[in-house]
2 protein chains.
Amino acid sequence: MSKELSTEEKIREAAKNVFIAKGFDGCTSREIAKAAGMNVALVNYYFCSKKQLFKLVFEAVLEDFMLSTIEVFRKDLSLESKMRIFIEREFEFLTSHPDIPRFILSELSRGDKCEFDHAGILDKIASTGVFEELLEAQEKGVIRKIDLTNIMLLIMSNCHYPFMAKPLMKYLNNLSEEQYQERLMLQKQYVTEMLIGYLFNPKTNS
Amino acid sequence: MSKELSTEEKIREAAKNVFIAKGFDGCTSREIAKAAGMNVALVNYYFCSKKQLFKLVFEAVLEDFMLSTIEVFRKDLSLESKMRIFIEREFEFLTSHPDIPRFILSELSRGDKCEFDHAGILDKIASTGVFEELLEAQEKGVIRKIDLTNIMLLIMSNCHYPFMAKPLMKYLNNLSEEQYQERLMLQKQYVTEMLIGYLFNPKTNS
DNA sequence: AACAATTTTAAACAAGCGTTTAAATTAATT
DNA sequence: AATTAATTTAAACGCTTGTTTAAAATTGTT
């Protein structure tokens, strides 16, 4: 635990936590400064404005979120193994960062905050070769012929939503935190089986 | 289009739209009043405070959202047919109200706004007999033996998330509104097939 | 028509917002 | 050690926030 973070880094780190927890509209510059143990004016000294600080934080979080688990597709494994490991790691990442999907979708949905620079993300995903691999597998009849957007949606739906819906599910079903974590680990298995079963070996299904 | 709404109803209606679009933190009392064509003071005259108005709106939206499509389980159809029709109507409802899932999950995740009264919702869902029907189907081996919480999660993930993720998916994949609507309609089919295939006839799968 | 109750309005309130300023402090350079 | 630059601070700026007030306008009642 090296406490050797610069003032700028401390503010950026605190801002990330506060923004993710409360959203851009739900927090104040003073709250961020206090969380970083700093004076309010320092936020603008280093980042010009709350808006600009948010833009920096959001872009970093989005990139980290989209790229953290995609690396598995560079490995030399079968597509099915990659898919299983990808889902495994996606659940692992979200267990540590359960608020990030909601944060990203919420802030993106009111996009007038600032224009986000996402240019590189899809390119970096593409650089793993995952898209070519999927298309090739479709032509070989290994996986179902579905638009990649829909495949992404199927996988992301089943990985992200269980974490986003935690307050609702705990509330409706009166579950403790531990109980919900149990359901999450079960959900990971079900989701993996279901997605693999649906996407792969399409000849036996349709 | 009867414009015969009372002042109170006009404010409630405007508040619903503004809250759903911008969130509790993202809008002001004056904005709601203007959207209703009313004076600011009238908001507090009829609803005491912004917080209380929000609580009323949120509870109504949540109840409407959770109950709008569950009625199909009262019908006299096979469980599989009910499931298909349920998903169909869920997508239909969300096509008209695409922002509601994100609204509910966002506002619930920072629950200190006010305590929400949800007591009746699960009871009303239970009154359709859907839970008994599912448990019975599980004992008969018709559907996979999975905790109801996980079944709910599977269905809700695949119905809600595609609408919540619209800004992200349009952005990442450079899709027009029309193109995304196309994917949504395809997604409905895929989700239906996948869920039915996974949940039903479990003997042939595991 | 006169009165009372309800509804609507404009104006104001203190408190908090993002941001700026200018002075105080620390660090770097000569 | 003296001087300059960079950092940090406390205080203030104008503005918006949620809410309240008290008067005006409308409606209902006798």
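Residue numbers begin at 1 in each chain, while the letters A, B, ... track the order of the sequences. A quick note: this is a predicted structure, and the numbers were derived from the prediction, not measured.
Residues B:I104 and B:F58 are in side-chain contact: their nearest non-hydrogen atoms beyond the backbone lie under 4.5 Å apart. Using a 4.5 Å heavy-atom threshold, the side chains of B:I100 and B:I20 count as touching.
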Counting only pairs under 3.5 Å, give me each side-chain donor-acceptor contact of residues 36-47 of chain A, with atom names and distances, residues two or more places apart or in other chains.
| residue | atom | partner | partner atom | Å |
| --- | --- | --- | --- | --- |
| A:N39 | OD1 | A:A41 | N | 2.8 |

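Atoms CD1 (B:I11) and C1' (C:dT7) sit 11 Å apart, rounded to a whole Å. Counting to the nearest Å, the C1' atom of C:dG16 and the CG atom of A:D25 are 15 Å from each other.
For the atom pair CZ of B:F19 and CG of B:D25, the computed distance is 10.0 Å after rounding to the nearest 0.5 Å.
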Atom pairs, N/O to N/O, protein against nucleotides 24-28 of chain D, distance under 3.5 Å?
none

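A:E80 has a carboxylate O that lies under 4.0 Å from a charged side-chain N of A:R84, or vice versa, which qualifies the two as a salt bridge. No salt bridge links A:E90 with A:K188; every basic N to acidic carboxylate O contact stays at or beyond 4.0 Å. One finds a salt bridge joining A:K16 and A:E13 here, because a Lys/Arg side-chain nitrogen approaches an Asp/Glu carboxylate oxygen to under 4.0 Å.
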Per-nucleotide protein contact string for nucleotides 5-18 of chain D (B base, S sugar-phosphate only, - none; heavy atom under 4.0 Å): -SBBBB-B----BB
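Between the side chains of A:E177 and A:Q181, at least one donor N or O lies within less than 3.5 Å of an accepting N or O.
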